J.: 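One structure coming up, written as structure tokens, with questions to follow.
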Amino acid sequence: MADQKFETPAFREFRDNPAIKDGAMSHSQPFVAKPEHNTPLGFPGELVDNWEVKAVEKLGDLLNKNRALRVYLDSCVKCGACTDKCHYFLGTGDPKNMPVARQDLLRSLYRRHFTLAGKLVPGLVGAKDMDKEMLDDWYKYFHQCSQCRRCSVFCPYGIDTAEISMAARDIMDHIGVGSKYSNEILAKVHVIGNNLGLPQPALADTLEGLEEDVLDDDGVDVKFPLDVHGADVLLVTPSADFFAEPHVDGLIGYAKVFHQAGISWTLSSYASEAANFAMFIGSYEQMHKVANRIRKAALDLGVKRIIFGECGHAWRVAYSFLNTLAGPWDFLDPKYPVPQHILEVTNGLIQSGGIVLDAEANDDKVLTFHDSCNVARGSRMGDVEGGQFIIPRNVIKASVNRFVEMDPQTTMEKTFCCGGGGGLLTDDLMELRVKGALPRMEALHDVVNNHGVTHMAAICAICKSQFTKVMPYYGFSMDMIVSVHQLVGNAIQLGAKE
Amino acid sequence: MSTLSVIYAILFYAATAVLVVGLALRIKLYAATPTPLKIPTMPAPLTKSGAAFRVFREVAFFESLFKSNRWIWIFAVLFHAGLALVLMRHVRYFQADIWLVVKLIQPFGIYGGMAMVAGLLGLWARRLVQERIRYITGPSDHLMLALLVLIGLSGLNMKFLSHTDIIQVKTFFLGLLRFNIQDLPTDGPLLIHLGAVAALMIVFPFSKLLHAPGVFFSPSRNQVDDARDKRHLAPWAAHMDADRDA
């Protein structure tokens with residue numbers, strides 16, 4: 001939005017915490033979903049009558065369904081350990097972006113209706129009734145959480161603000177107040193199969209174009225199969241991979257890997273989306289529905305394996321939730337985990353010699369790696385604890401000669417969100433996205449200045465889109481951000497095994 | 001026996017009942033609430049014993065807090081470790097024949113009492129001085145600290161300044177265990193100390209002190225990272241599988 005006026009935050013010299021600026025982001029909120037976005041998901045079109053009561057009822061329902069929510073709402077002692085851990089607080093100074101303060105927006109209602117102390121002495125324990133002011137705060141500040149789970153690493157009780165945000169968004173959806181960005185996209189997925197609303201013919205056309213591009217550039221007939229029955233592998237990838245930069249270069253990388261390894265694979269037009277946006281809105285039912293498109297596609301196409309492309313939240317849902325939502329996978333080849341990450345496949349092929357890489361192809365670059373939050377803290381790769389940190393780095397180091405780590409306080413399990421995760425990657429939240437990117441941009445700035453880093457690799461469609469958009473605000477070029485499989489695609493020696 | 005003894009006896013029976021029943025009900029509720037999805041904060045252990053060890057480290061060493069804030073960690077350890085020593089030292093008031101370990105712990109229990117109060121004052125100071133923590137602090141947070149400091153200071157006061165008839169205190173508590181109410185000394189500091197302890201026991205199951213059982217039930221800490229190997233399905237969600245297309 002052109003009318004958004006804000007200042008890009010300056011890099012903090014000593015990474016000191018910002019002073020509290022009450023209400024600094026109280027103007028920030030995403031566009032509200034219209035009835036046509038809500039009703040296809042089974043949510044009321046607009047704010048229902050009696051919404052104050054309905055919200056409390058839904059909270060009670062969720063408390064009985066989700067132990068994490070109940071335990072987390074009870075357990076916080078307000079120790080303050082989380083207060084300087086959220087990228088949105090560090091970038092904005094708004095105290096309601098401190099994880100504990102964000103949780104307290106929901107906790108105040110919980111205490112009022114579900115705890116004895118909150119019923120007897122509400123003022124003493126911060127218990128409040130639902131009113132318009134509370135709902136407004138919820139809508140604003142639960143849409144300033146990217147569900148990145150960084151706070152949960154540092155909380156002595158493991159309280160995960162993502163769980164609280166998801167519950168709050170679910171409650172809001174159930175009283176008719178949803179975010180347009182997420183709900184509109186979900187409605188598209190249910191009808192068309194991907195977030196972009198790209199129908200089968202358009203998808204087929206795009207993939208054909210990619211085949212031509214690769215043939216022109218590399219002289220090799222690399223295929224991008226769609227809806228091929230009997231293929232071994234179903235590749236499920238974020239739909240941004242079909243057209244956005246640098247995502248599409250990643251997709252080309254996957255295709256080259258499959259080509260050289262001789263793996264028969266296909267995309268599905270029915271399940272042409274890896275990212276399950278239902279996680280953002282905290283709806284188990286919606287998440288189940290979206291996830292089961294993948295099950296149906298796998299059954300219909302008769303594949304033996306499912307592999308996911310580079311996408312952070314998608315991989316959390318895939319790795320941690322897919323077995324629950326869409327399993328059991330007894331009809332697939334038991335030799336392979338379900339699902340696999342494309343990086344697990346590529347890493348295995350590098351080690352077995354199934355693909356040949358020449359890192360010199362990327363000698364024009366000095367790389368660093370941004371651990372995507374949901375991969376880092378919501379999933380794993382490979383068969384050892386922390387494999388989600390090891391495998392991407394192995395693949396990058398096999399594809400490029402010069403690799404530099406960023407500040408260890410900003411990588412691996414302590415990684416910062418790109419600033420656009422969790423259903424916030426929308427232009428109506430541009431200020432939030434730019435400010436939330438501050439901690440990552442600072443760490444990048446360090447390695448650019450001190451180690452000559454030229455590019456930052458990422459393995460998440462949201463990270464890639466977000467950085468492309470916000471990096472120019474910090475004086476970086478938007479093409480500094482690359483897909484990991486773009487590096488693989490550059491380095492792979494397709495002639496070597498023909 | 002004095003009226004005061006009867007009042008304190010009833011108070012402690014009631015406080016114990018509230019603490020035990022209240023906590024039991026809360027723990028039962030936590031245990032009965034399903035976990036619909038696997039949400040361990042990664043990287044997480046791949047085995048049950050690994051996950052149990054993770055929770056143990058959290059409980060025994062405050063591992064995550066150590067990662068996040070060294071000052072809070074120091075004060076929290078001072079308080080909790082001090083409190084643990086103090087509680088062990090107090091076991092002697094409930095034993096006719098005192099265990100050897102309880103005898104050995106006695107001098108350390110005194111240092112524990114000092115550490116406990118020092119830790120509490122440190123935590124309290126942070127609430128007043130540190131802007132971010134001041135913002136998230138409510139009246140109940142100050143009251144809880146005040147209650148704990150009151151318990152600690154009134155206890156230390158009896159140890160170092162105005163002693164009470166400790167033999168008679170022990171007689172009173174041993175009597176409570178046998179449902180035989182004995183006289184309790186009527187010293188002010190003792191009555192304040194015991195009254196504050198009873199108050200703490202009563203508010204325990206209704207306050208943020210629930211972090212004590214909560215940490216054991218935190219899915220982000222106690223879950224095993226095995227989602228691809230084992231299907232994890234909540235009873236309330238199972239019916240949805242029947243409705244899917246395939």
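Quantities reported herein were computed from a predicted structural model and do not represent experimental measurements. Chain letters run A, B, ... following the sequence lines, proteins first, then strands; residues in each count from 1.
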J.: Please report the C-alpha distance between B:Tyr135 and A:Val100 in whole Å, then the side-chain angles of each, then the deciding distance to 0.1 Å, and finally whether the side chain to side chain contact (heavy atoms under 4.5 Å, CB included) criterion is met.
T.: CA-CA 10 Å; B:Tyr135 181 89; A:Val100 43; over 6 Å; no
J.: Quick one: what part of B:Leu210 sits under 4.5 Å from any heavy atom of chain A, side chain, backbone, both or neither?
T.: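 The answer is both parts of B:Leu210.
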J.: Which distance, rounded to the nearest 0.5 Å, do you find between the OH of A:Tyr336 and the CZ of B:Arg228?
T.: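 Atom-to-atom, A:Tyr336:OH and B:Arg228:CZ are 13.5 Å apart.
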J.: Side chain, backbone, both or neither: which part of B:Pro213 has a non-hydrogen atom closer than 4.5 Å to chain A?
T.: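 B:Pro213 has no heavy atom closer than 4.5 Å to chain A.
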J.: Quick check for you: among A:Asn66, A:Asp160, A:Val125, which has the greatest number of heavy-atom pairs under 4.5 Å with chain B?
T.: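 Most heavy-atom pairs within the cutoff with chain B belong to A:Asn66.
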J.: Compare all side-chain heavy atoms of A:Arg70 with those of B:Tyr30 and state whether any distance is below 4.5 angstrom.
T.: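 In short, these two side chains touch, coming nearer than 4.5 Å.
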J.: With only heavy atoms counted, which part of B:Ala44 is less than 4.5 Å from chain A, the side chain, the backbone, both or neither?
T.: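 For B:Ala44, backbone heavy atoms alone lie under 4.5 Å from chain A.
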J.: Check B:Arg54 with A:Glu385, please: is the shortest side-chain N to carboxylate O separation under 4.0 Å?
T.: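 A salt bridge is absent here (no side-chain N lies under 4.0 Å from a carboxylate O).
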J.: Would you say A:Ser152 and B:Ser220 are linked by a side-chain donor-acceptor pair, where the criterion is simply a distance under 3.5 Å?
T.: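 Side-chain D/A pair, B:Ser220 to A:Ser152: absent.
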J.: Can you find a pair of side-chain heavy atoms, one from A:Cys79 and one from B:Trp73, that are under 4.5 Å apart?
T.: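 Not in contact.
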J.: Do A:His288 and B:Asp241 make a side-chain contact, defined as non-hydrogen atoms from C-beta onward lying under 4.5 Å apart?
T.: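 Yes, close enough: below the 4.5 Å cut-off.
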J.: For chain A, which residues of residues 119-133 of chain B have at least one non-hydrogen atom nearer than 4.5 Å to it?
T.: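 Near chain A, by residue number: B:Arg127, B:Glu131, B:Arg132, B:Ile133.
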J.: Could you look at B:Ala212 and say if it's the side chain, the backbone, both or neither that has a heavy atom under 4.5 Å from chain A?
T.: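 Answer is neither: B:Ala212 stays 4.5 Å or more from chain A.
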J.: Under 4.5 Å from any heavy atom of chain A, what part of B:Phe217 do you find: side chain, backbone, both or neither?
T.: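 It is both, since atoms from each part get that close.
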J.: Could you pull out the closest heavy-atom pair between B:Thr41 and A:Val153, with the gap in Å?
T.: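 Closest approach of B:Thr41 to A:Val153: CG2-CG2, 3.7 Å.
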J.: Quick one: which residue pairs count as a side chain to side chain donor-acceptor pair (under 3.5 Å) with a foot in residues 196-216 of chain B, not counting sequence neighbours?
T.: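 Listed by first then second residue: B:Asp141-B:Lys208.
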J.: Which of the residues A:Ile20, A:Asn17, A:Thr83 is involved in the greatest number of heavy-atom pairs with chain B at under 4.5 angstrom?
T.: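 Going by pairs under 4.5 Å, I would pick A:Ile20.
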J.: Just verifying a value: how many Å separate B:Leu37 CG and A:Met279 CE, rounded to the nearest 0.5 Å?
T.: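 Output value for this atom pair is 10.0 Å.
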J.: Should B:Leu46 and A:Arg380 count as side-chain neighbours, where that means a heavy-atom distance under 4.5 Å?
T.: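 Yes. Closest side-chain heavy atoms under 4.5 Å.
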